[in-house]
Amino acid sequence: MKPSKDVGVFMKVQVRESILRIKNPTVKKFSELWKQYQPFVIEDVAKDWDASKKWCHQYLIEQCGNNLVPVRFYQPKFWHNSDNYAYEDGYEPKKEIKFHEYINNHIEKTVQENNLECYLSEAYFEDRFPELVRDITYPEYFDRKAFVTFWYGFSSKNFSSTTNLHFDPLHNIFAQIRGRKRILLYPPSDYLSFYPPLDGTSGVGFNSKVNPDLSNLELFPKFPRQDKIEIILKPGEILYIPPFWWHHLTAVDENISLSFWYDLKIEDFFRQKNMLSVFLNIAPHYIYYAISSGKFLEFMRFLKTMFN
């Protein structure tokens, strides 16, 4: 039976007027902030990594220019239609090209010519760039191993590398290495108010149909646009994004970022304020969709990671 729209009543996660910033916290201080289930920025950590000092075009090409990387190419006005970015079949398969080709032919020339729309996104860092691992220091705020993804985008006259509005069922320590990113953060409220694409088998349950930059009040009247936190993440800064917090990212200029992902553990639901009630609001809708769309095994694999 389809869950009621009112299922999963929970304590609303409050949004701060501005994001908290802290300099180089201890593990204990990080844990105290983490329990509040709010995003925050860590200053004066990533700026000291070799990555922040060395990762220019020449260095990257010398170290790993022949490595194959996954690049996604977009059709013009891709972000104007939620049928593209909210559904799996809206995306073209990523193309494998050499890293130096991406830098030379797409980063440099695209900025000049303003006519190519592509993004090197979600590349598994250790697999794709083993030569660069020595240039970063893995954060030690969690008692579990991180897996890391690499993002390299840009902004030009007609296109800015963008990640659609979505949430992740993981802890994300997001480090900005080069350039700047504009990040919109929305605290979890009623799951359906973010208009997840639950009406087709290719929908992605953690995506939203809303493009916050083009949001239409008539199409998405319940979207909580007033709860937005907007930040510009600068080189050397780290942003902690809690699980199930919705976020939308756009390049301000040419930029490189790293996501350090940490699996959820069952105890996290009780240690982070209100996260259990957030999950219970999402779960009935997500489970119903997972069963009806044939994705139930994916949901079960996610649950299994909590007990490893």
Side-chain angles (χ1 to χ4, degrees), residues 1-16 34-39 82 85-88 163-172 174 183-212 215 219-229 239-249 259 261-308:
M1 184 172 64
K2 188 173 183 178
S4 166
K5 291 183 179 181
D6 298 323
V7 73
V9 176
F10 65 100
M11 296 292 293
K12 182 177 179 180
V13 177
Q14 298 299 315
V15 61
R16 294 192 178 111
W34 173 87
K35 290 177 181 178
Q36 297 304 308
Y37 195 45
Q38 295 281 332
S82 65
Y85 55 80
Y87 295 82
E88 291 175 336
T163 303
N164 61 295
L165 183 62
H166 69 288
F167 70 78
D168 301 295
L170 301 163
H171 301 284
N172 185 1
F174 188 85
I183 303 176
L184 307 180
L185 296 155
Y186 297 86
S189 58
D190 175 49
Y191 175 56
L192 297 182
S193 68
F194 286 89
Y195 298 89
L198 306 181
D199 52 353
T201 58
S202 73
V204 181
F206 48 79
N207 282 351
S208 171
K209 293 182 181 181
V210 180
N211 181 339
S215 57
L219 289 176
F220 310 112
K222 295 182 180 180
F223 178 64
R225 54 183 48 78
Q226 71 281 356
D227 290 343
K228 175 179 69 178
I229 301 173
L239 171 67
Y240 170 64
I241 305 176
F244 310 114
W245 270 70
W246 297 83
H247 48 287
H248 178 271
L249 301 91
S259 284
W261 301 100
Y262 300 84
D263 285 338
L264 273 176
K265 298 300 179 185
I266 198 69
E267 59 267 23
D268 297 347
F269 288 92
F270 302 95
R271 296 178 63 200
Q272 284 197 289
K273 184 179 179 180
N274 292 335
M275 190 169 72
L276 179 59
S277 61
V278 166
F279 178 73
L280 293 177
N281 173 259
I282 296 171
H285 303 287
Y286 206 105
I287 291 172
Y288 175 82
Y289 170 71
I291 294 172
S292 62
S293 63
K295 297 179 180 179
F296 187 67
L297 288 179
E298 293 179 16
F299 182 77
M300 293 304 296
R301 281 194 290 270
F302 159 66
L303 292 180
K304 186 179 178 181
T305 65
M306 299 182 198
F307 297 95
N308 290 340

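We count residues from 1, following the sequence as given. Heavy atoms only: backbone and side chains are in, while hydrogens, waters and symmetry mates are out.
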Practice prompt. Enter the distance from Leu264:CG to Leu170:CG here, rounded to the nearest 0.5 Å.
Written response: 6.0 Å
Worksheet item: Got His247 and Thr163 here, is their nearest side-chain heavy-atom distance under 4.5 Å?
Response: no
Worksheet item: Rounded to the nearest 0.5 Å, how far apart are CD of Gln38 and CD of Gln272?
Response: 10.0 Å
Practice prompt. Could you tell me how the ring of Phe167 sits relative to the ring of Phe206: parallel (under 30°), tilted (30 to 60°) or perpendicular (over 60°)?
Written response: perpendicular
Fill in: Which atom of Ala86 lies closest to which atom of Pro197, heavy atoms considered
O-CG, 3.1 Å
Practice prompt. Please confirm whether the backbone N or O of Tyr37 pairs with a side-chain atom of Trp245, one donor and one acceptor, at under 3.5 Å?
Written response: yes
Item to complete: Please report the shortest heavy-atom distance between Pro196 and Gly205, naming the atom on each side.
Response: CB-O, 3.9 Å
Practice prompt. Evaluate the ring planes of Tyr186 and Phe223, with Trp represented by its six-membered ring, and classify them as parallel (under 30°), tilted (30 to 60°) or perpendicular (over 60°).
Written response: tilted
Item to complete: Please state whether the rings of Phe244 and Phe279 are parallel, tilted or perpendicular, taking 30° and 60° as the class boundaries.
Response: tilted
Worksheet item: Given side chains that start at C-beta, do those of Asn207 and Tyr85 come closer than 4.5 Å, heavy atoms only?
Response: no
Fill in: Atom pair CG (Asn281) and CG (Leu276), whose distance is rounded to the nearest 0.5 Å
11.5 Å
Item to complete: Return the orientation label for the His285 and Tyr191 ring planes: parallel under 30°, perpendicular over 60°, tilted otherwise.
Response: tilted
Response to the item:
For Gly200 and Tyr289, the nearest pair of non-hydrogen atoms, with its separation, is O-OH, 3.0 Å
Worksheet entry | For Lys209, the option from Leu198, Leu219, Asp199 that meets side-chain contact (heavy atoms from CB on, under 4.5 Å) | Asp199
Discussion item. Using the rule side-chain contact (heavy atoms from CB on, under 4.5 Å), only one of Ser208, Pro188, Pro224 pairs with Ser193; which is it?
Written reply: Pro224
Worksheet item: CD1/Ile266 to CZ/Arg271 distance, rounded to the nearest 0.5 angstrom?
Response: 13.0 Å
Worksheet entry | Test item: side-chain donor near acceptor, His171 and Asp268, under 3.5 Å | yes
Item to complete: Compare all side-chain heavy atoms of Asp168 with those of Ile241 and state whether any distance is below 4.5 angstrom.
Response: no
Worksheet, complete the sentence: d(Asn164 CG, Trp246 CH2) to nearest 0.5 Å is 9.5 Å
Worksheet item: Does any non-hydrogen side-chain atom of Phe220 lie less than 4.5 Å from one of Asn211?
Response: no
Item to complete: Would you indicate whether the side-chain heavy atoms of Asn172 and Tyr240 approach each other to under 4.5 Å?
Response: no
Worksheet entry | Option passing side-chain contact (heavy atoms from CB on, under 4.5 Å) with Leu185 (candidates Asp227, Ile229, Leu249) | Ile229
